[in-house]
Structure formats: structure tokens, C-alpha cells
2 protein chains.
Amino acid sequence: MEASTPTLCSGMAPEIVAPLEACSIRKTYKKGESLYLMGDEPAGIYCLEKGLVGLVTVSTSGRERLVRLFKAGQYFGHRSLFAGESYHANAVALDPVECRVFPKKDVMELCRKFPEFAVGIAQKLARELGRAEHWLGFMTDRQVSERVADGLLYLKAAHPEHNWTRREIADFCGTTTESVIRTLAAFEAEGLIRQKGRHIDILQREALLECASPQ
Amino acid sequence: MEASTPTLCSGMAPEIVAPLEACSIRKTYKKGESLYLMGDEPAGIYCLEKGLVGLVTVSTSGRERLVRLFKAGQYFGHRSLFAGESYHANAVALDPVECRVFPKKDVMELCRKFPEFAVGIAQKLARELGRAEHWLGFMTDRQVSERVADGLLYLKAAHPEHNWTRREIADFCGTTTESVIRTLAAFEAEGLIRQKGRHIDILQREALLECASPQ
DNA sequence: CGAATACTTGATCCGCATCAAGTGCCGTGG
DNA sequence: CCACGGCACTTGATGCGGATCAAGTATTCG
């Protein structure tokens, strides 16, 4: 369903990539650390080499929402850079992270020289916007159990290597850990999934999809 | 708060704009008509000359959600075009509409020739994504009354010329007409707004903002 | 002017957030 | 190595926000 996500320099000739790579800065973060915080000014584009990063919004009431996810081979921080805005969410390492930061001016230079690069960024933003607006409707239309079914399928499919905590699933689906636990317990009772500790196996994909959007 | 929105060809030299204008197609739509439907293949970019267009998602349960709005001077249809996807929402004329459609191939040609055009599209997508993700958190975190306060302020500020129906406000805020009516009645009782029929006046902007996000 | 649509008010009910009170699990440092 | 603190997980009880249904009035538009 989801198309392959391009890395920052996919499809670029080596003589273009090399100088850009040279001026990038390597960074590592421990699990739980923040790469940047809401309100910070964008420094450049982050290119993930290893680990998992979650974009988290925090409401005034303190509730956290997982709005976007990035894994190795994907880049982020591009939204604020291109919007000309400060970051609208925190970037948090959900697993230990290794990444490169490409400075803003070099990215913009790349755009000027290679229009297809700018078009690539636009494509990524466009797909992310589509997903966000889809969930925007989903959030208020559908029951918690439907959102959890859909969210679980998405999270497991897009990032199977990560052991998703109840808390993360709740933040992603716009609900609470308690509700996720009760919902997962119900799914298990129906034989749709199997959970032992932090490990969740999907046994009946079709049936879960049916839970996500019953007719 | 919202920066000025660029039209399709803002900042472009006349010799560039002229041929593009020439190959665009003028169209008009009556209030309530659809410009395109979810699932349709994108034909090009729509540039609004007059009226108001709403992007509406429809869930399987039949509920409608107003996810984005466009008025004269703004363009739309760019998301699907750049994502390389079919439309993910219906475009509906909320008021009588006059617009031009710029064919896909001409838009893409423009991107190749003028990188700053592609960057402009990326900027618009980036800002729309920011707004969408902000509301994504808002939807499940905040009470209906808070969403209505915030939504009303946004709708009136961004599109003051339009007389917003209770239904449209509900679709925008992710709730029902009944709840909007009750909320607006409460606001009026507190002297925050005045409503006579379809006309709503904001009397105390600051107090309404306070309703939208109490500490 | 008539039909469709928007608006309004009241009654009902239930999904799920919230609070409380635990039990495990894991890593860290004494 | 074990104790301990913190966090993830779990289960139960409670309350209420707001969706839903119903029924009627007011507007708007063709």
C-alpha cells in the first residue's frame, strides 16, 4: 500500500551526493532522547541511518500524540524547513538512533540545482498530508477499537522490527493505554492476535481489517 | 498568523505565466457541486478565481469531514498530483465557484524549468501538513466546546465572507450539528458571540481563545 | 409557493476517559 | 548479586461528555 520511501539523495548522481555527504553531521541518540523540540528553529534535514524516530505533539493538557514515524532510510525535519516555520512537534528516539544532519543551506542549494529533488520532497509531503487528513476523519468517526485495529496493522506493517508499547499504540491511535489494553485483550479473546508481554502477533489480518472498518 | 498564500504563478515572470494561462481551462460550479471526487485521477491544479471550495472526506459510516479550505487566489488539487495518488477527498463548492485548471503536464514542466515553483508547492504542502497534524492531536484531546471555539475563530478569520452553517462548522470540528448548536448557544449566553440566523459575530475574541485552550 | 434543507430543543444511553490500586518487569547502583 | 525505583502493564469501579434519536420550527432556494 505504502510506496517505497526515498532517502534524501536517492537517484542522485555520486558527484552530487559526495559533497553533500561531506558537509553532513553524524549524530547518535539514546532511546527516549529528543532530537529536537517543538518551537526549535529547523537546522536542516535529518537522515536516519539506524533506529526509529517518532514525531510527537504535546497538547496543553500534557497528552502526547504520535503523528508520524521514521525508520532507517527515511528523512525528517523537512516539513518545518520547507514551511519556513519552527518545529511543530518533538522528534523522539523510540529506539537508539544514528543519523546525519544535512544543513539547511545545502539542502536549499540542492533544490535550486536539481528541481527533481524539490519535487521529491513535495511528493513525500503530499503523501504525509494524505495520511494525516485520512486520520483526521478517522479520529472522530471511529470507535477506539476500530482505531486500534487499524493503528496496530499500520504500525506492525510499517515498523515490524519495533516492539510497540501499549502507550505508543495509544498515543498513535488517540486514546489511552487502558483502552488499548482492553481492546487488545478483546482481540486476543477472539483469536485475532496473540500477545505475550511486549510481543504482539497478528493471527488474522483479514478479520482485524474488518474490525478497523466494519461496513 | 497564517502567512499570505501564493497563487499558482505568483512571482513568475509574465513571459512564463502567459503560455501557462493560455493552456488553462476555465470552469464554473454551482454551490454544492463537486469539482472532483475521491478516487478520481488528478487532472491538474485548480486555481480558484472566485468562491470557496472545501475538501471533504467521507467515512464508510457516511460522516463527512471538512479537512481543508480554499478561497480566491489559492490553488488546490496539488496534493494528489505530487503524491502520484488519486484524490483522497471530494472537492465541493461551498459557494459558487470560478476556477482555472492547469493541466498536469504543464505544471510538471514548470517544476522542471523553475525549481522555485516546486519549492513553493512544497512550502504550501508543508504548512498544510503542519495544520493537519496540529488538528490530529486536537481532535482527541479537546472537548467539543474547545474545538468549536477554535474552529469558529479559524473559519471566521480565514474566510470571513462566508456564512458558515452549523453543519459545516460541525464537519470542520469533528462533531455533530446538534453539539455545535448547543455550544454556540452556551457561548452566546456568556456573551462571547452573537448569532442571528446564519450570521455569527465574535464579540470577545480573547475569551473565545481562552475557551479553545484553557490552561 | 412548496420542498428541501437548515436549525433547534429535549430525552436517552453508552463508550471510554478517568481514577484507583494493584502486579509484573527491567536496569542500575550499592 | 540482590534490592530498589521506576516504568509498563493490568483490572475494576465510576461518571459524564456527547452521539444518537425524535420531533418540530424556521429558512432558503428553485
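The sequence lines fix the lettering, A, B, ..., with proteins before strands; numbering per chain opens at 1.
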task: Looking only at side-chain atoms of Arg198(B), point me to the closest of dT28(D), dT9(C), dC9(D).
output: dT28(D)
task: Tell me, yes or no, whether the heavy-atom count around Lys156(A) atom NZ, taken from other residues, nucleotides or ligands under 6.0 Å, exceeds 12.
output: yes
- prompt: Separation of Asn163(A) atom CG from dC7(D) atom P, in whole Å?
  reply: 20 Å
- request: Would you mind telling me which residue lines up with the more 5' stretch of DNA chain C, Ile181(B) or Arg147(A), judged by nearest nucleotide?
  value: Ile181(B)
- prompt: Is it the case that Lys124(B) places NZ or CZ above or below the six-membered ring of Phe82(A), under 6.0 angstrom from the centre and within 45 degrees of the axis?
  reply: no
- prompt: Is Glu188(B) salt-bridged to Arg194(B), going by a charged N under 4.0 Å from an acidic O?
  reply: no
message: Rounded to whole Å, please give me the gap between CD in Gln143(A) and C1' in dG18(D).
response: 13 Å
query: CD of Glu168(A) versus P of dC9(D): gap in Å, rounded?
result: 8 Å
statement: Assign each of Thr140(A) and Trp164(A) the nucleotide of DNA chain D bearing its closest heavy atom; nearer the 5' end lies the nucleotide of Trp164(A)
query: Rounded to the nearest Å, what distance is computed from the CZ atom of residue Arg166(B) to the C1' atom of nucleotide dT28(D)?
result: 14 Å
field: Side-chain N,O (Ser179(B)) to OP1/OP2 (dA19(D)) below 4.0 Å
entry: yes
query: Hey, is the side chain of Arg167(A) poking within less than 4.0 Å of OP1 or OP2 on dC9(D), counting only N and O atoms?
result: no
task: Rounded to the nearest angstrom, tell me the gap between atom NE2 in His199(A) and atom P in dC26(C).
output: 14 Å
- request: Quickly, which of Arg65(A), Arg68(A), Arg131(A) forms a salt bridge (Lys or Arg N to Asp or Glu O under 4.0 Å) with Glu133(B)? Name it, please.
  value: Arg68(A)
Worked check of side chain to side chain donor-acceptor pair (under 3.5 Å) between Arg63(B) and Thr140(A): CA-CA 10 Å; Arg63(B) 174 158 296 169; Thr140(A) 49; 6.0 Å; no
task: Taking the six-membered ring for Trp and the single ring otherwise, decide whether the centroids of Phe102(A) and Tyr46(A) are under 6.0 Å apart.
output: no
message: What is the separation between atom CG on Leu184(B) and atom C1' on dT8(C), rounded to the nearest whole Å?
response: 12 Å
- line: Side-chain atoms of Val144(B) come closest, of dT8(C), dA19(D), dC9(D), to dA19(D)
field: Minimum-distance nucleotide to Glu178(B) side chain [options: dA20(C), dG18(D), dC21(D)]
entry: dC21(D)
message: Less than 4.0 angstrom between a side-chain N/O of Thr176(A) and OP1 or OP2 of dA17(C), yes or no?
response: yes
query: For the helix from dC1(C)-dG30(D) to dG30(C)-dC1(D), what angle lies between the axis at the first five pairs and the axis at the last five pairs, to 10 degrees?
result: 50°
- prompt: Between Arg166(A) and Glu178(A), does at least one N-O distance fall below 4.0 Å, as a salt bridge requires?
  reply: no
- request: Write down the distance between CE (Met139(B)) and C1' (dG17(D)), rounded to a whole number of angstrom.
  value: 17 Å
message: Tell me whether the side-chain N or O atoms of Arg182(A) pair up with the base of dG12(D) as donor and acceptor below 3.5 Å, since no angle test is needed here.
response: yes
message: So that I know where these two stand, are Trp135(B) and Tyr154(B) an aromatic pair - ring centroids less than 6.0 Å apart?
response: no
field: Rounded distance in Å - CD1 (Ile200(A)) to C1' (dA8(D))
entry: 12 Å
- prompt: When you measure from the side chain of Arg63(B), which nucleotide among dA17(C), dG18(D), dT20(D) comes out closest?
  reply: dT20(D)
